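Since the structure comes first, as structure tokens, the remarks are kept for the end.
Note that the coordinates shown come from a computational prediction; the quantities given were computed from them, not determined experimentally. Residue numbers begin at 1 in each chain, while the letters A, B, ... track the order of the sequences.
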Amino acid sequence: MTDQIRISFPDGSSREFPRGITVAEVAAAIGPRLAKAAVAATVGEGRVDLGYRIEADAPVSMITLDSPEGVEIYRHSISHVMAQAVKRLFPEVKFAIGPAIENGFYYDFDLPVPLAPGDLPRIEAEMARIVKEALPFKRLEMKKEEALKFFREAGQKYKVELIEALPGEKVSLYQQGDFIDLCLGPHLPSTDRIKAFKLQSIAGAYWRGDSQREMLQRIYGVAFPTQAELDNYLHMLEEAAKRDHRKLGKELDLFSLMDEGPGFPFFHPKGMILRNTLEDFWREEHRKRGYQEVKTPIILNEKLWRQSGHWDHYKENMYFTRIDDEDYAVKPMNCPGGMLLYKREIHSYRDLPLRVAELGLVHRHELSGALHGLMRVRCFTQDDAHIFMLPSQIRSEIEGVIDLADHIYRVFGFEYHVELSTKPENAMGSDEIWEKATASLQEALEGKKMDYRVNEGDGAFYGPKIDFHLRDCLGRTWQCGTIQLDFLMPERFDLTYVGEDGEKHRPVMLHRTIFGSMERFIGILIEHYAGAFPTWLSPVQVKVISVGEAHLPYAREVQKLLDDHRVRVERDERNEKLGYKIREAQMARIPYMLVIGDKEVETASVAVRSRDRGDLGTMPAVDFLNKVTGEIAGKK
RNA sequence: GCCCUCGUAGCUCAAUUGGUGGAGCAGGCGAUUUGUAAUCGCCAGGUUACCCGUUCAAAUCGGGUCGGGGGCUCCA
């Protein structure tokens, strides 16, 4: 045993150091810049603090604030500082957990008094004090019994519960100043490395996410390595709030939610144009791909829902009613109705695949606290389809849906990612069937060379699924499209087709959506475009604005020309100044304004103002017509 | 559903310590006849979400109901 150890670095180099050297000293030996930027390191397999002593040969890579890992450690350390501040202000606090999250951190507290927003500045001020005190984070290791004793005596029941669930003999604790918390680490070397954070909100959160357990108080904070990054993020949030679909929906007169129908949106005339335009597009794309369209009833006999399995697996989310002394349910999904339609006639293998689409209005009882504008509602229209197919057609049908989804999302310029969800706890059917179905979905994804994440246990109760998650302006992702492979419903409903051999066989089915729900998709579009829809989607595409009374007849002619060619055009001939009418049209996010005055009347032209690019100059009315109809046809 | 928070005119917001609810925009009427983001004047508009209480007196304080917002849980 020598006193030297050999440390290797990510660039392939290696150097000898004295045994027991700290990570910080290694960083310093490499260079002062690294020493300053490092917050922790990976030694061998594990992440350790800068104060960690390296006792044996190992690969070492420094973790700096430039990396996601470094920022995570930074944010996590701030959550400890927040906990310490809360402890100073509320000595009776009990601590739950406090992880780093995207853009920041949170910590869950059990407090005898409710926190108010006014407490946040006080906690922030206390945190600033702790940062200034430059308290080192010290790692302590304890035997589990010892740690349990420590936290029991401190009355920290949540920590006791956490430790009891931890594997191994020892646990690690971190101390800064007089504050000690159970934590795996690593942490910043000292609180004065913290530069920019802001406490954001207080929220309720269940202990361990279990609605049967204690309701804790969670404080969310945002944090970045520099003040500039924090300011930038806060500014982004402000910009995002400006395009909130609830606000724009009201301003642009698209939809509303009334006290009389929480979660049941009303669509206004302009919202309906948007919606119908999307439906027209959707129908056309489906028609091209060999889909038929059906409509099934909203209320169906309860027996059907028992047969489908919804009664056992989905009752909590359903609405029920009674008709002529019989029990009925309002449909939460379209599939059982689709099953009945399949069964209305005998099918040959030659008919398959059968692609049956339905814009189906479904109702689901969502918890009142979960409702959110158009994004989370209690009734919505799914752009559903059920594909009945031979087992040999599974893969090509799935691929067809993936292509269709990609085609449709592309038109809107959406980025998306894909998730594969597997068998949930309350599932119907055997493991074998689930494995087979999941493997089929996987094969299709791999065949398409798509990256995907696996979401264990998140499938529908009747089958695994592929979900498409679109990314919105807040960086939130929304589940829109879904492809669910189902071997069970055909079984439950005894669906058959006659095979080549003249015998009855069981078809396989696919449930799928692209938009997901029309309502949610419209909400996402509003935020995505900040209300400034591309011309083809705009409820009003062109506003004809006449300067004076003398220009009215020609203005009407221009309007008629556009209207005859199916351009959605309105005319503003009010006795107002031009600037006033322009301003109003601009605020309504109308893509084009046509100013009609003396010059235009004389030359049969229009002065075109673009919502996005301002004054485009004068052009013959017919040229503008061609321009705008071209945009509409090209879905621009 | 649970925790916190909020609810004033169609919309966005005011209203000292509890002391007779105001403004801008939108709307109606009138004047103005207008060239690229707001012309002027007048008028009308509210059982302060709803119910119960405390008080001489409640938009304001307390309790409840309904609804909104931020989360948790759940999900298209």
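- Across all strands shown, A:V377 has heavy atoms under 4.0 Å from base atoms, whether or not it also approaches the sugar-phosphate.
- The side chain to side chain donor-acceptor pair (under 3.5 Å) test applied to A:Y206 returns no partner, not counting sequence neighbours.
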Protein-proximity profile, nucleotides 36-42 of chain B, B/S/- by nucleotide at the 4.0 Å heavy-atom cutoff, equals BBBB---
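- Each of A:R208 and A:Q484 was matched to the nucleotide of RNA chain B holding its nearest heavy atom; the match closer to the 5' end belongs to A:R208.
- For RNA chain B, runs of at least 3 consecutive pairs of the Watson-Crick or G-U wobble type, with both hydrogen-bonding distances under 3.5 angstrom, map to B:1-7 with B:66-72, B:10-13 with B:22-25, B:27-31 with B:39-43, B:49-53 with B:61-65.
- With 3.5 Å as the limit, one finds no donor-acceptor pair spanning the side chains of A:T618 and A:K599.
- With sequence neighbours excluded, the residues that form a salt bridge (Lys or Arg N to Asp or Glu O under 4.0 Å) with A:R355 are A:E397.
- Applying the salt bridge (Lys or Arg N to Asp or Glu O under 4.0 Å) rule to A:K247 yields the partners A:E251; only residues at least two apart in sequence or on another chain are considered.
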Please tabulate, for side-chain N and O atoms in residues 215-224 of chain A, each donor-acceptor pair with protein atoms closer than 3.5 Å (sequence neighbours left out).
| unit_1 | atom_1 | unit_2 | atom_2 | d |
| --- | --- | --- | --- | --- |
| A:Q217 | OE1 | A:L115 | N | 2.7 |
| A:Q217 | NE2 | A:V113 | O | 2.9 |
| A:R218 | NE | A:D108 | OD1 | 2.6 |
| A:R218 | NH1 | A:Y220 | OH | 3.0 |
| A:R218 | NH2 | A:D108 | OD2 | 3.0 |

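- Not counting sequence neighbours, the partners of A:K157 by the salt bridge (Lys or Arg N to Asp or Glu O under 4.0 Å) test are A:E214.
- With sequence neighbours excluded, no residue forms a side chain to side chain donor-acceptor pair (under 3.5 Å) with A:E600.
- Put simply, the side chain of A:Y206 and the base of B:rG1 share a donor and an acceptor less than 3.5 Å apart.
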Quiz: residues 542-558 of chain A side-chain donor-acceptor pairs under 3.5 angstrom, not counting sequence neighbours:
| unit_1 | atom_1 | unit_2 | atom_2 | d |
| --- | --- | --- | --- | --- |
| A:K543 | NZ | A:E570 | OE1 | 3.0 |
| A:H551 | ND1 | A:G548 | N | 2.8 |
| A:H551 | ND1 | A:G548 | O | 3.3 |
| A:H551 | NE2 | A:D598 | N | 3.2 |
| A:H551 | NE2 | A:D598 | OD1 | 2.7 |
| A:Y554 | OH | A:A604 | O | 3.3 |
| A:Y554 | OH | A:S605 | N | 3.0 |
| A:Y554 | OH | A:S605 | O | 2.9 |
| A:R556 | NE | A:E573 | OE1 | 3.4 |
| A:R556 | NH2 | A:E573 | OE1 | 3.3 |
| A:R556 | NH2 | A:E573 | OE2 | 3.0 |

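- Nearest-nucleotide positions on RNA chain B place A:S201 closer to the 5' end than the other of A:C480 and A:S201.
- Rounded to whole angstrom, the span from the CH2 atom of A:W478 across to the C1' atom of B:rC75 amounts to 10 Å.
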Report all interatomic pairs (protein N or O, nucleotide N or O of nucleotides 5-13 of chain B) with separations under 3.5 Å.
| unit_1 | atom_1 | unit_2 | atom_2 | d |
| --- | --- | --- | --- | --- |
| B:rU12 | OP1 | A:K250 | NZ | 3.3 |

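- Annotation: side chain to side chain donor-acceptor pair (under 3.5 Å) contacts of A:H407 (sequence neighbours excluded): A:E285.
- Pairs engaging residues 608-617 of chain A under the side-chain hydrogen bond (donor to acceptor under 3.5 Å, both in side chains) rule: A:Q586-A:R609 [sequence neighbours left out].
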